[in-house]
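Working notes, beginning with the structure itself.
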2 protein chains.
Amino acid sequence: MLRSSFKTLSAKAAAQLDQELMSTGAFSIDQLMELAGLSVAQAIYKQYPPPTASKVSRVLVLVGPGNNGGDGLVAARHLKLWGGYDPVLYYPKRTKNPLYANLVTQLQDLDVGEVETLDEVKQLALEESTGLIIDSLFGFSFKPPVREPFKDLISFLSENHGKISPIVSVDIPSGWDVDEGPIDLDIKATMLVSLTAPKPCAKKFVSYGSDKIHYLGGRFINGKIAAKYDIQDLIAKYKDNDLIVKL
Amino acid sequence: MLRSSFKTLSAKAAAQLDQELMSTGAFSIDQLMELAGLSVAQAIYKQYPPPTASKVSRVLVLVGPGNNGGDGLVAARHLKLWGGYDPVLYYPKRTKNPLYANLVTQLQDLDVGEVETLDEVKQLALEESTGLIIDSLFGFSFKPPVREPFKDLISFLSENHGKISPIVSVDIPSGWDVDEGPIDLDIKATMLVSLTAPKPCAKKFVSYGSDKIHYLGGRFINGKIAAKYDIQDLIAKYKDNDLIVKL
């Protein structure tokens with residue numbers, strides 16, 4: 001079977017499925033975000049386990065203003081709780097969404113730090129002590145082109161690929177078109193954690209080479225919804241009680 | 001180290017900590033319940049893995065009207081999603097709490113069945129095809145004595161110990177006094193999943209013998225809260241990215 005042989009959900013279908021989970025499915029955004037963010041953290045733990053002994057790996061978390069940013073905040077919390085990771089947050093643009101504010105409070109109570117300026121984040125991204133960068137800037141509702149204040153950041157990450165730490169993108173490599181892939185800026189992610197189901201751009205991601213790491217997370221889809229969106233085979237890939245699966 | 005060497009939280013302290021998590025801690029009940037219920041399901045998966053091949057283990061889930069019942073509903077959902085378990089719900093007393101209603105909808109969408117009468121639940125508890133009983137009737141806010149409609153059910157489970165499947169109690173063996181242990185009815189649980197921290201009655205539980213299985217779950221306490229409630233050593237028992245630990 002081809003490595004790229006997996007079903008995908010278009011931007012439109014993903015938005016519909018999400019809406020369905022929260023309306024007739026009766027899930028709350030808090031629940032779904034907790035499970036999604038937890039699966040991102042678990043995929044990171046599996047692929048990039050924390051350094052041993054007293055060393056701690058700094059993880060730069062780039063947090064967008066929407067639900068994708070929320071997933072990143074939840075992931076950062078679990079990584080910090082587990083130990084061995086030192087998340088540092090950067091918000092190019094904050095939101096007043098209370099859910100988001102609550103997630104930030106939870107991180108502040110864990111003494112998770114943040115950087116305020118783009119210059120600082122660039123410097124941290126280039127430092128050797130930064131082990132990983134989590135890209136939770138944009139999710140499946142993003143449409144190119146990338147605008148400021150994100151453009152400068154994403155351009156920097158793209159141009160410094162190889163000099164900066166590996167980037168783990170949450171659901172979508174930020175800047176990519178959800179259905180088409182990179183048509184504007186390309187964050188050059190090393191790992192992608194697709195949530196619920198991969199989006200069409202994930203095919204483009206894995207086609208870039210066997211060193212592109214792809215996980216699926218967000219295991220909360222029931223059989224009826226899976227059948228409706230034709231992703232039963234995808235859901236069947238999960239093993240045992242794992243919340244993630246490497247595709 | 002003695003097996004019973006673990007810190008506990010009194011009923012009063014547990015209620016305070018819970019309140020603190022949701023006020024200054026900025027956690028939502030949805031978040032905490034999802035993580036707590038998930039950890040119950042993971043402890044069950046670890047201790048009672050699903051039967052192999054095409055066999056499925058029926059799990060009778062006894063659901064109380066409060067948050068303990070909600071934890072049981074979340075656990076049932078994850079067990080069903082993972083496969084190999086066939087949860088069947090029984091509510092001695094329903095609640096109109098919307099959170100609870102949402103969790104029930106999520107289970108109905110997974111075709112999780114329920115039984116309506118006490119006679120049916122007694123029969124199911126005695127059937128060999130029932131592999132496990134989850135007791136999520138009462139949590140840390142319960143005070144004895146047990147009243148109807150719970151009294152008949154708990155008396156039945158107690159009197160038929162050995163004839164019925166092993167009972168996994170969520171946080172508290174239902175009917176026990178949180179601080180004192182069994183002073184009225186005793187559900188005779190085989191396994192206890194303490195959430196956040198064991199309650200004083202957990203000492204009594206493990207003192208009943210080495211065949212009493214005790215897990216800790218609900219890994220969401222930050223260092224400051226742990227220090228305030230003097231449970232740092234307890235939180236430190238978690239390994240790696242595990243959401244549960246066997247005590």
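Order of the sequence lines sets the chain letters (A, B, ...), proteins ahead of strands, with each chain counted from 1. Not measured: the values here are computed from a predicted model.
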For the residue pair A:Ala36 and A:Leu195, what are the closest heavy atoms and their distance? O-CD2, 3.9 Å
So CG of B:Leu60 and CG of B:Leu124: to nearest 0.5 Å the spacing works out to 5.5 Å
Which atoms of A:Leu35 come close to chain B, meaning under 4.5 Å heavy atom to heavy atom: side chain ones, backbone ones, both, or neither? side chain
Determine which donor-acceptor pairs between chain B and chain A fall under 3.5 Å and list them with their distances.
residue	atom	partner	partner atom	Å
B:Ala26	O	A:Gln106	NE2	2.8
B:Ser28	OG	A:Asp30	OD2	2.7
B:Asp30	OD2	A:Ser28	OG	2.7
B:Gln31	OE1	A:Gln106	NE2	3.1
B:Gln31	NE2	A:Glu34	OE1	2.8
B:Gln31	NE2	A:Gln106	OE1	3.2
B:Glu34	OE1	A:Gln31	NE2	2.8
B:Tyr45	OH	A:Asp240	OD1	3.4
B:Gln106	OE1	A:Gln31	NE2	3.2
B:Gln106	NE2	A:Ala26	O	2.8
B:Gln106	NE2	A:Gln31	OE1	3.2
B:Asp111	OD1	A:Lys224	NZ	3.3
B:Lys224	NZ	A:Asp111	OD1	3.3
B:Asp240	OD1	A:Tyr45	OH	3.4

Proximal component of A:Leu103, with respect to chain B [non-hydrogen, under 4.5 Å]: side chain
Return the minimal non-hydrogen interatomic distance between B:Val40 and B:Ala75, and the atom names on each side. CG1-CB, 3.8 Å
Which answer fits A:Leu21, side chain, backbone, both or neither, if we ask what part of it has an atom under 4.5 Å from a heavy atom of chain B? neither
Counting only non-hydrogen atoms closer than 4.5 Å, does A:Ile29 touch chain B with its backbone (N, CA, C, O), its side chain (CB onward), both, or neither? neither
Interface moiety of B:Leu99 toward chain A, non-hydrogen atoms closer than 4.5 Å: neither
Pairing residues for B:Phe140 by the ring pair (Phe, Tyr, Trp, His ring centres under 6.0 Å) criterion, not counting sequence neighbours: none
Contacts of A:Phe220 meeting ring pair (Phe, Tyr, Trp, His ring centres under 6.0 Å) (sequence neighbours excluded), chain-then-number -> none
Of all heavy-atom pairs linking B:Ile133 and B:Ala125, the shortest is CD1-CB, 4.0 Å
Minimum heavy-atom separation for B:Pro92 to B:Leu137, with atom names? CG-CD2, 3.8 Å
If you round to the nearest 0.5 Å, how far is CD1 of B:Ile134 from CD1 of B:Ile44? 3.5 Å
